[in-house]
Amino acid sequence: MPINSLFTAQIIDWYRSNKRDLPWRETQDPYKIWLSEIILQQTRVEQGLPYYERFLKAFPNLRDLANASEEQVLKLWQGLGYYSRGRNLLQTAKQVSTHFNGKFPETAEKLQQLTGIGPYTARAIASFAFNEEVAVVDGNVYRVLARVFGIFTEINSSAGKREFQELADALLPPENASEFNQALMEFGALQCTPRPDCHSCPLLGICIAADRDLVSQLPVKSKSKPKRDRHFNYLFYYDSGKILLRKRTHKDIWKNLYEFPLVEQVRATEDPCSVVAEAEVLYDLDLKALEVLDPHAYKHILSHQIIHIRIWPMRGPIPPNESLKSGIFAINLEELEKQYPVPVILHRFLEHIKPYLVSK
DNA sequence: AATTCGGGGAC
DNA sequence: GTCCCAGAATT
């Protein structure tokens with residue numbers, strides 16, 4: 001038996017006895033497949049699963065989602081990260097709903113034209129929902145193929161992407177694309193993990209990396225840039241159940257999410273006066289009469305940046321909404337929690353601070 | 001071709 | 001601390 005056929009057969013065999021019970025595997029509805037795939041981009045199954053359930057409950061079908069507001073979608077997306085996925089989700093729902101008569105295109109090539117659907121997701125939907133014979137390549141697939149076939153090409157280079165995609169396509173068994181794709185990813189997620197237990201691996205006999213002790217070196221990936229430090233000073237201006245809020249609209253992290261009035265500085269500030277002074281200019285506020293309390297400090301570590309956050313509680317009457325400028329507005333705390341999407345760091349702060357606010 | 005977009009979990 | 005996750009869009 002050729003090595004490639006053996007590999008395919010073993011992977012599928014392993015999958016049938018080890019696969020997890022996941023809701024999007026029990027359907028061929030392109031809407032549900034699409035939704036699950038967008039949620040699962042760069043996201044572990046365990047983290048994405050509750051979001052998938054909540055989205056389906058809120059928007060049972062494509063039209064429901066297409067009729068939603070971006071605020072609703074982002075609120076449901078809150079805490080999942082990569083919020084452009086949520087915005088693109090809504091955009092594509094509207095697009096398919098109005099321009100494609102509510103039907104998703106049925107080939108990977110056409111699916112990839114839609115916003116938020118790239119090479120992986122297009123092939124996943126085409127294969128799972130429409131049985132197209134196309135192979136998917138995600139982080140799991142890179143890892144499994146690099147090890148089993150001993151490939152040292154960098155997986156984040158264009159040459160690597162091409163090479164692994166071609167290999168996956170060559171391995172794909174016609175007639176069984178969907179199951180093979182699922183199997184290969186599941187194998188990477190459960191068995192051929194970043195630090196695997198090779199003793200229990202059914203592919204021990206054919207894996208080049210295991211044979212030559214290269215498992216810990218594969219796959220090869222070029223190093224990432226060092227993180228940059230940012231310093232966010234938030235004005236937590238609380239008064240009788242209301243706080244000041246603004247929407248992030250610029251092209252940056254947390255786009256279109258809401259936050260307290262922000263003063264970003266190049267370095268950490270111990271002195272509230274400089275924060276207040278900058279805020280007055282930035283937002284055209286009059287903060288002179290205010291008392292500024294000691295800040296709550298957090299460090300928010302992300303993939304490409306470390307955000308040093310100081311939330312400065314302030315005491316004093318909130319001006320009426322009509323007199324607020326620069327996109328600042330006052331909002332009731334319950335209203336905020338119900339409707340306004342915020343970064344998790346703000347959500348956690350609010351949960352922490354709420355008991356103290358109501359008891360005061 | 002390189003960078004940017006989050007948050008959480010494993011180690 | 002580092003690396004990775006059912007990647008895609010933008011520069």
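The sequence lines fix the lettering, A, B, ..., with proteins before strands; numbering per chain opens at 1.
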Enquirer: Scan residues 17-26 of chain A against DNA chain C and write down, sorted by residue number, each residue with any heavy atom closer than 4.0 Å; if none is found, say none.
Expert: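 The stretch gives A:Leu22, A:Trp24, A:Arg25 as the residues lying under 4.0 Å from the strand, ordered by number.
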
Enquirer: What side-chain donor-acceptor pairs closer than 3.5 Å can you find for residues 98-117 of chain A, not counting sequence neighbours?
Expert:
{"residue": "A:Thr98", "atom": "OG1", "partner": "A:Lys94", "partner atom": "O", "Å": "2.9"}
{"residue": "A:Thr107", "atom": "OG1", "partner": "A:Lys110", "partner atom": "N", "Å": "3.3"}
{"residue": "A:Thr115", "atom": "OG1", "partner": "A:Gln91", "partner atom": "NE2", "Å": "3.0"}

Enquirer: What residues from residues 128-140 of chain A pass a heavy-atom cutoff of under 4.0 Å to DNA chain C?
Expert: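 Contacts with DNA chain C under 4.0 Å: A:Asp138, A:Gly139, A:Asn140.
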
Enquirer: When you list every nucleotide of DNA chain C with an atom under 4.0 Å from a heavy atom of chain A, which one comes first 5' to 3', and which comes last?
Expert: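 Range of nucleotides within reach of chain A: C:dC4 to C:dT11.
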
Enquirer: Assess whether a salt bridge exists between A:Glu186 and A:Arg25, defined as any Lys/Arg side-chain N lying under 4.0 Å from an Asp/Glu carboxylate O.
Expert: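 A salt bridge is present here (some side-chain N lies under 4.0 Å from a carboxylate O).
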
Enquirer: For nucleotides B:dT4 and C:dA6, find the distance between their P atoms and express it as a whole number of Å.
Expert: 24 Å

Enquirer: Using modelled atom types and a 3.5 Å cut-off, is there a donor and acceptor pairing between side-chain atoms of A:Lys221 and backbone atoms of A:Glu154?
Expert: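 Not confirmed, A:Lys221 side chain does not pair with A:Glu154 backbone.
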
Enquirer: Given the P atoms of C:dT11 and B:dG6, what is the spacing between them in whole Å?
Expert: 15 Å

Enquirer: Within 45° of the ring axis of A:Tyr82 and under 6.0 Å from its six-membered ring centre, is that where the NZ or CZ of A:Arg85 lies?
Expert: no

Enquirer: Are any of the side-chain nitrogens in A:Arg246 or A:Glu259 under 4.0 Å away from the carboxylate oxygens of its partner?
Expert: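 Looking at A:Arg246 and A:Glu259, the cut-off is met.
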
Enquirer: Treating primed atoms plus P, OP1 and OP2 as sugar-phosphate and everything else as base, which nucleotides of nucleotides 4-11 of chain B get B, S or - for protein heavy atoms under 4.0 Å?
Expert: BBBBB--S

Enquirer: Any chance you could pull the hydrophobic cluster mates of A:Val266, using side-chain heavy atoms under 4.5 angstrom and chaining through other members?
Expert: none

Enquirer: Any donor-acceptor pair under 3.5 Å linking the side chain of A:Asp169 with the backbone of A:Ala135?
Expert: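 Present.
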
